[in-house]
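Below: one structure, written as structure tokens.
So you know, we letter chains A, B, ... as the sequences are listed, proteins then strands, and number each from 1.
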Amino acid sequence: MILESKLPFKYLIGIVKYELIIVLLVGIITHFGAIRFTEFLPEMPLTIPAFLGTSISVLLSFKMNQSYDRWWEARKVWGAIANDSRSFVIQLQSFLSSDHTDIIKKVSYRQIAWCYSLGRTLRGSLNSIENLDHLITETDQGQISKHNNYNLAILQLTAADIKELRSNNAIDMHGHIHLQETIIRMTDSMGGAERISKTVFPSSYRLILHFIIYLFVVTLAISLKGTNNIFVLPLLLLISVGFFSIEKIAYHLQDPFRNLPSDIPVTDIAKTIELNIRQLLSEEITRVESKVNDYFIM
Amino acid sequence: MILESKLPFKYLIGIVKYELIIVLLVGIITHFGAIRFTEFLPEMPLTIPAFLGTSISVLLSFKMNQSYDRWWEARKVWGAIANDSRSFVIQLQSFLSSDHTDIIKKVSYRQIAWCYSLGRTLRGSLNSIENLDHLITETDQGQISKHNNYNLAILQLTAADIKELRSNNAIDMHGHIHLQETIIRMTDSMGGAERISKTVFPSSYRLILHFIIYLFVVTLAISLKGTNNIFVLPLLLLISVGFFSIEKIAYHLQDPFRNLPSDIPVTDIAKTIELNIRQLLSEEITRVESKVNDYFIM
Amino acid sequence: MILESKLPFKYLIGIVKYELIIVLLVGIITHFGAIRFTEFLPEMPLTIPAFLGTSISVLLSFKMNQSYDRWWEARKVWGAIANDSRSFVIQLQSFLSSDHTDIIKKVSYRQIAWCYSLGRTLRGSLNSIENLDHLITETDQGQISKHNNYNLAILQLTAADIKELRSNNAIDMHGHIHLQETIIRMTDSMGGAERISKTVFPSSYRLILHFIIYLFVVTLAISLKGTNNIFVLPLLLLISVGFFSIEKIAYHLQDPFRNLPSDIPVTDIAKTIELNIRQLLSEEITRVESKVNDYFIM
Amino acid sequence: MILESKLPFKYLIGIVKYELIIVLLVGIITHFGAIRFTEFLPEMPLTIPAFLGTSISVLLSFKMNQSYDRWWEARKVWGAIANDSRSFVIQLQSFLSSDHTDIIKKVSYRQIAWCYSLGRTLRGSLNSIENLDHLITETDQGQISKHNNYNLAILQLTAADIKELRSNNAIDMHGHIHLQETIIRMTDSMGGAERISKTVFPSSYRLILHFIIYLFVVTLAISLKGTNNIFVLPLLLLISVGFFSIEKIAYHLQDPFRNLPSDIPVTDIAKTIELNIRQLLSEEITRVESKVNDYFIM
Amino acid sequence: MILESKLPFKYLIGIVKYELIIVLLVGIITHFGAIRFTEFLPEMPLTIPAFLGTSISVLLSFKMNQSYDRWWEARKVWGAIANDSRSFVIQLQSFLSSDHTDIIKKVSYRQIAWCYSLGRTLRGSLNSIENLDHLITETDQGQISKHNNYNLAILQLTAADIKELRSNNAIDMHGHIHLQETIIRMTDSMGGAERISKTVFPSSYRLILHFIIYLFVVTLAISLKGTNNIFVLPLLLLISVGFFSIEKIAYHLQDPFRNLPSDIPVTDIAKTIELNIRQLLSEEITRVESKVNDYFIM
């Protein structure tokens with residue numbers, strides 16, 4: 001998550017440095033080329049780069065919009081994961097008598113593990129249940145590792161536990177269905193996160209946008225060829241840095257799980273879920289243990 | 001909440017005063033610098049600041065849009081909190097016989113406390129259940145204070161009370177599930193408010209926007225260097241005040257719980273919920289007690 | 001509701017007449033002042049008002065968008081009220097045996113009253129159940145008038161009636177819950193309408209928009225000072241009338257219950273609901289009674 | 001529904017022909033008037049019509065957006081009608097034993113009739129159940145015709161049939177509620193379609209848009225008065241045809257049930273529903289009977 | 001699905017090649033015609049194509065927006081199909097005892113077949129259950145082929161199997177309804193995909209957009225007639241390629257099931273569903289079998 005204090009201008013220059021080098025080269029070539037071959041080159045009226053610039057801002061605005069929506073949708077999916085995980089524990093406690101604290105604990109711990117594992121899978125981890133031994137039993141891990149989709153396997157195990165509780169008459173049919181509905185919602189959230197993570201935003205749009213920005217740079221450089229001084233290139237660079245930065249911000253927002261500063265803090269959310277669930281289970285976790293800014297990143 | 005009568009122009013100038021001072025300095029330096037070094041400076045065609053200005057309005061419009069959506073989403077979440085709180089009391093009254101007025105009252109009061117506490121937490125209070133002794137019992141407060149997330153703890157207590165009613169056969173399984181579903185919805189609303197409160201809007205976008213506005217100011221000042229008179233600086237300031245004010249309005253809307261004039265009136269909503277719930281419990285609250293404009297801020 | 005035939009140009013001029021008078025004054029002062037003090041005034045290039053004009057259209061477009069969404073949301077809420085009211089009666093008839101036509105009628109009539117009362121409350125009526133004696137019994141009215149929020153009180157009475165039907169075994173638990181869910185949906189619709197009605201759109205945005213439009217008028221008037229003839233002022237007025245009218249339309253749409261021509265026809269919808277419900281109750285209402293254009297304003 | 005092959009340029013000219021005649025007249029008067037009275041008329045800089053043109057595109061874009069959303073919402077409502085109608089038959093078959101094929105058929109046929117009738121009502125038919133004798137019994141028709149809202153009456157009859165099945169213990173309480181929920185969803189879809197059909201889009205916006213387009217035409221014609229040749233009028237007409245056509249497309253999309261080429265194909269959808277439902281009832285309808293392009297217009 | 005590496009510039013030129021040839025011809029004719037008949041032709045100020053260009057970007061932005069929303073909606077529908085298919089298998093396992101593994105397998109396999117068949121139908125296949133013998137029994141295939149809509153027929157068969165399980169008391173009423181609700185959601189997803197696939201985006205909008213782009217090309221070519229050199233035509237082509245490419249991208253996104261590089265990868269999603277479901281059924285599918293990039297395309 002981008003924190004406000006951590007975004008120096010340097011960072012922004014950093015993310016668009018390749019584009020700026022190209023702009024600089026294109027600017028130098030076009031500008032000095034234009035002065036040299038001034039008789040062959042078109043008299044480029046400034047109106048052309050100007051309307052291109054306006055068009056770029058409109059097209060960027062569309063892209064920013066879609067990217068933000070994707071990012072916010074990803075955030076909502078993780079919000080639902082947090083909500084349903086906490087509700088699930090409260091539901092278990094509501095429908096099971098006090099004889100079943102062990103199974104409640106087991107299922108709740110597995111639920112915490114699911115949150116960590118899903119976060120890791122989205123970030124590309126191949127063995128997403130590694131180092132979760134304190135949360136998932138070895139038997140469970142054996143079952144899970146037979147699957148390609150570990151997170152789905154975890155939910156199947158939970159559904160099986162609920163079924164057994166039903167068989168033992170620890171819950172009745174209605175409690176069974178009620179808990180099953182929460183599992184369905186969690187399957188949906190998992191699928192939603194996977195969908196956002198794996199669906200590529202049409203990259204051709206991005207290509208065209210870059211193309212139009214370069215076209216803008218070239219036409220602007222040619223337009224300003226009469227202005228033979230040291231300020232043309234900085235101007236080209238400054239305007240380009242604005243356009244390219246917005247494009248890059250949008251590009252990064254599109255992929256909200258890719259370990260970038262702007263992504264969804266899935267690990268922090270999972271940690272908060274763990275803290276909340278452990279306290280719902282009446283475990284004593286002193287406030288000191290959790291850092292203040294982890295308080296409730298939701 | 002911004003009331004229409006309370007927004008003098010002074011307020012707007014106030015929120016953008018630092019930006020205006022910078023614009024003034026930039027304007028003075030650029031403009032008089034430009035006149036002095038007129039032979040070295042580019043002949044800046046006015047077309048460049050003009051298209052930058054149009055682009056700024058497009059990019060501002062996107063930002064305003066997202067910020068407003070966030071603010072409205074926050075408002076809807078609090079609307080859902082009000083609706084579910086009131087429905088919850090009606091549901092309790094529907095499913096419990098008249099022998100249980102005490103427990104209905106206890107749970108309803110705790111529900112009111114939850115609304116106040118959630119509002120305070122969102123505004124940064126560390127001890128959000130302070131001074132709610134008339135709404136939450138001391139035992140409850142003891143339980144709650146073991147948690148980091150007080151509001152979640154309150155919902156857990158309510159779920160536990162419902163469970164006990166089920167154990168005593170005061171409600172049957174279906175009533176239990178029906179009430180539990182309302183608690184799930186309240187957990188979702190709580191999570192939604194936390195999400196909006198804690199997720200930072202990508203601040204790099206803001207940085208770029210400010211950068212482009214200053215670029216606009218500089219290029220406009222240079223463009224107008226031929227116009228050597230006292231009206232250039234006011235013009236720069238007036239246009240800048242428009243852009244920066246819209247940016248600031250958007251910025252404030254993004255964080256709808258931060259004690260700003262434009263934030264969601266969570267305390268007033270909680271007060272209305274209290275009034276409504278107390279009257280649902282047939283308490284006599286004379287109309288005079290509540291101020292007219294608190295009537296139903298929903 | 002604005003009907004197409006009822007919107008002569010005069011109406012539009014009417015809603016922006018104060019703004020036009022100011023524009024006229026500003027135009028006269030600026031324009032003739034500009035001609036008089038032509039040597040002191042900046043040579044205002046037309047590019048500046050032009051880009052301001054484009055920016056205004058972008059910012060207006062955002063505002064129109066939000067206002068329309070608000071208005072359409074209000075419309076949907078009232079659509080849900082109509083749907084749920086009709087469904088509620090069908091549900092009552094489905095779950096209650098023919099021995100209970102009296103209570104069905106009583107609850108259905110109260111439901112009609114709720115629609116009228118909610119509409120009146122949204123329009124600012126203080127005693128929203130006035131003149132509804134044929135729809136609500138006197139006992140009910142006594143109960144309702146103890147509340148600040150009459151509409152919530154009506155729903156509570158309906159919930160109490162359903163509970164009594166359950167106590168008498170006229171419906172079983174599942175029917176009880178099913179009907180209760182419709183009451184929850186109606187509480188949500190009521191809360192939604194209250195939310196839209198009572199939440200002020202950030203008025204600072206409006207202020208800025210007006211400010212930029214006046215800035216546009218002043219800069220345009222100065223720009224055209226060279227054009228010393230009688231057509232400058234009409235041009236200023238005609239362009240301003242366009243901008244201010246759109247702003248006013250947006251402003252009116254924002255508040256969809258304020259007795260303006262563009263508001264939601266809550267009374268007409270309530271009348272249609274009454275007609276539909278009475279016919280569902282097999283009352284004979286001849287078609288003539290209801291005007292044709294009331295047929296189904298939904 | 002507009003099919004791609006059926007939209008010759010002639011069609012577009014057709015829908016904006018009145019506007020074009022006015023543009024032509026305005027253009028001729030303004031242009032030749034401008035040349036004649038050239039000394040009295042303002043020197044209209046081209047910048048003014050240019051920024052008006054850009055503003056028009058922004059305002060048109062907003063309108064197109066809202067109109068499209070309305071149209072797509074209407075399409076979704078009819079999609080829900082198709083989905084729920086088919087689901088309803090599958091549900092009836094699931095919850096009723098094979099002894100009840102007659103009642104399943106009767107209710108399913110009535111459901112088909114409801115789809116046709118709703119489509120006709122939306123298109124303005126006063127007697128929407130005409131010629132549906134093969135789908136609704138005469139007794140039913142008698143009941144329905146006592147109502148103003150035929151479609152609501154049909155749903156009431158279906159709800160009454162379900163209730164009777166419950167009374168005869170053909171279904172239990174849970175099946176009853178489950179089927180009732182589908183009827184509620186159908187009531188909602190019906191209300192949604194009525195809402196879109198009967199709510200007028202604020203027509204004042206349209207008026208202003210037309211006004212600004214004409215203002216654009218007049219200022220453009222005056223601007224080009226220096227260009228005394230035969231190409232000015234065609235240019236005016238060509239640009240106007242673009243703007244007015246988009247406005248007309250938006251206008252037609254707003255009213256998705258008005259028998260225009262762009263409306264929702266409600267009759268075709270109803271036919272597909274009929275085909276699907278009859279096949280779900282195991283009626284033999286050979287593939288030849290239904291035209292290929294009716295296959296599944298959903 | 002467009003993968004990032006597979007989009008060379010050549011691809012983009014390819015999709016707009018006809019438009020570019022027309023632009024080239026129009027450009028040559030207009031430009032050289034304009035030079036030749038320079039005295040007859042209007043002095044076209046560059047402002048006119050410039051504002052047309054800005055307008056085009058606004059109108060394109062709207063179109064891109066709607067097309068993207070359609071595409072993303074289609075993607076969400078397929079996400080729901082994946083989620084519900086997997087949940088359905090977990091639900092079957094939860095509500096049926098271990099005596100029913102055969103029927104669970106049969107229904108689960110049919111569910112996989114439904115995913116493949118729906119994908120094929122959307123891509124225009126007439127016999128969508130071909131080569132699915134290992135997933136659907138011959139008896140089932142006989143039943144299905146009596147229908148026009150194979151996918152609806154498959155769901156009806158599944159509903160019938162669930163009903164039989166109920167008759168045999170393998171599940172109780174509540175389990176029956178719970179499973180039936182998942183079938184209803186799948187009917188809705190199916191209907192949603194059909195709706196997006198079969199509803200034509202108003203093609204008149206596209207026609208107008210093309211018309212305005214050509215108008216832009218012609219006016220720009222005339223404007224630049226003074227610039228008599230070899231750079232005018234490339235400039236026309238480069239700007240046009242930008243506009244037409246964005247329009248084409250939008251056009252392709254609109255129809256997300258048409259076997260284009262940008263469509264929804266329905267076959268890949270169906271394969272992932274098959275893999276997931278088979279592993280939920282504890283079939284041993286070694287990880288090697290499934291390609292890495294099929295891991296979880298959701």
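D/K146 has no carboxylate O lying under 4.0 Å from a charged side-chain N of C/E283, or vice versa, which leaves the two without a salt bridge.
A distance of 4.5 Å separates CG in C/L280 from CD in D/Q156, rounded to the nearest 0.5 Å. Put simply, OG1 on D/T199 and CD1 on C/I269 are 7.0 Å apart, with the number rounded to the nearest 0.5 Å. In this structure, CZ on C/R86 lies 9.0 Å from CG on D/D188, to the nearest 0.5 angstrom. To the nearest 0.5 angstrom, C/H252 atom NE2 is 9.5 Å from D/S204 atom OG. Atom CG of D/N149 and atom CG of C/L275 lie 8.5 Å apart (nearest 0.5 Å).
Between D/V58 and C/S61 the shortest heavy-atom distance is CG1-CB, 3.6 Å. Looking at every heavy atom in both residues, D/S55 comes nearest to C/G53 through OG-O, 3.8 Å.
Side chain of C/Q279 to main chain of D/N148: a donor-acceptor pair is present (N/O by atom type, distance under 3.5 Å, no hydrogens or angles). Side chain of C/Q93 to main chain of D/A160: no donor-acceptor pair is present (N/O by atom type, distance under 3.5 Å, no hydrogens or angles).
Interface remark: C/S282 contributes no atoms to any contact with chain D (heavy atom separation under 4.5 Å). Only the side chain of C/L253 comes within less than 4.5 Å of a heavy atom in chain D; its backbone stays farther off. If you measure heavy-atom distances from C/L220 to chain D, the contacts under 4.5 Å come from the side chain alone. Heavy atoms closer than 4.5 Å to chain C are found in the side chain of D/I212, but not in its backbone. C/H178 touches chain D through its side chain: at least one heavy atom from C-beta onward sits under 4.5 Å away, while N, CA, C and O do not. Heavy atoms of D/L59 lying under 4.5 Å from chain C belong exclusively to its side chain. With a 4.5 angstrom heavy-atom cutoff, D/R166 does not touch chain C via any of its atoms. For a residue to count as touching a neighbouring chain, one of its non-hydrogen atoms must lie under 4.5 Å from one of that chain's; by this rule C/I249 touches chain D with the side chain only. Contacts of D/S167 with chain C are absent, with no heavy-atom separation under 4.5 Å from either backbone or side chain. If you measure heavy-atom distances from C/L179 to chain D, you find no contacts under 4.5 Å at all.
Your options are D/L52, D/T219, D/T54, D/T187, and the one with the most heavy-atom pairs under 4.5 Å with chain C is D/T187. Heavy-atom pairs under 4.5 Å with chain C peak, among D/K63, D/Q143, D/R70, D/Q66, at D/Q66. Ranking C/A250, C/A50, C/G242 against chain D, the residue ahead of the rest is C/A50, based on heavy-atom pairs under 4.5 Å. The candidate from C/L235, C/L46, C/D69 with the greatest count of non-hydrogen atom pairs under 4.5 Å with chain D is C/L46. Between chain C and the residues D/H174, D/K163, D/E181, the largest count of heavy-atom pairs under 4.5 Å involves D/K163. The greatest number of non-hydrogen atom pairs below 4.5 Å with chain C, out of D/I56, D/I48, D/I162, D/L209, is found for D/I48.
Contact of the D/F211 side chain with the C/S245 side chain is not registered, since no non-hydrogen atoms from C-beta on lie closer than 4.5 Å. Side-chain contact check for D/Y205 versus C/Y68: every heavy-atom pair is 4.5 Å or farther apart. Annotation: side chain of C/S87 is not in contact with side chain of D/L155 (no heavy-atom distance under 4.5 Å). The side-chain heavy atoms of C/N83 and D/M190, taken from C-beta on, include no pair separated by under 4.5 Å. Using a 4.5 Å cut-off on side-chain heavy atoms (C-beta onward), C/T47 and D/T47 make no contact.
Relative ring orientation between D/F51 and C/F243 is described as tilted, the plane-to-plane angle lying within the 30° to 60° band. Ring-plane geometry between C/F95 and D/H176 is classed as tilted, the angle between the planes lying from 30 to 60 degrees on a 0 to 90 degree scale.
No hydrogens or angles considered: nothing links the side chains of C/Q91 and D/Q180 as a donor-acceptor pair under 3.5 Å.
Annotation: C/K248, atom NZ; neighbour count of heavy atoms from other residues, nucleotides and ligands within 6.0 Å is above 12.
For D/R195 and C/W72, the positive end sits near the middle of the six-membered ring, less than 6.0 Å away and at most 45° from its axis.
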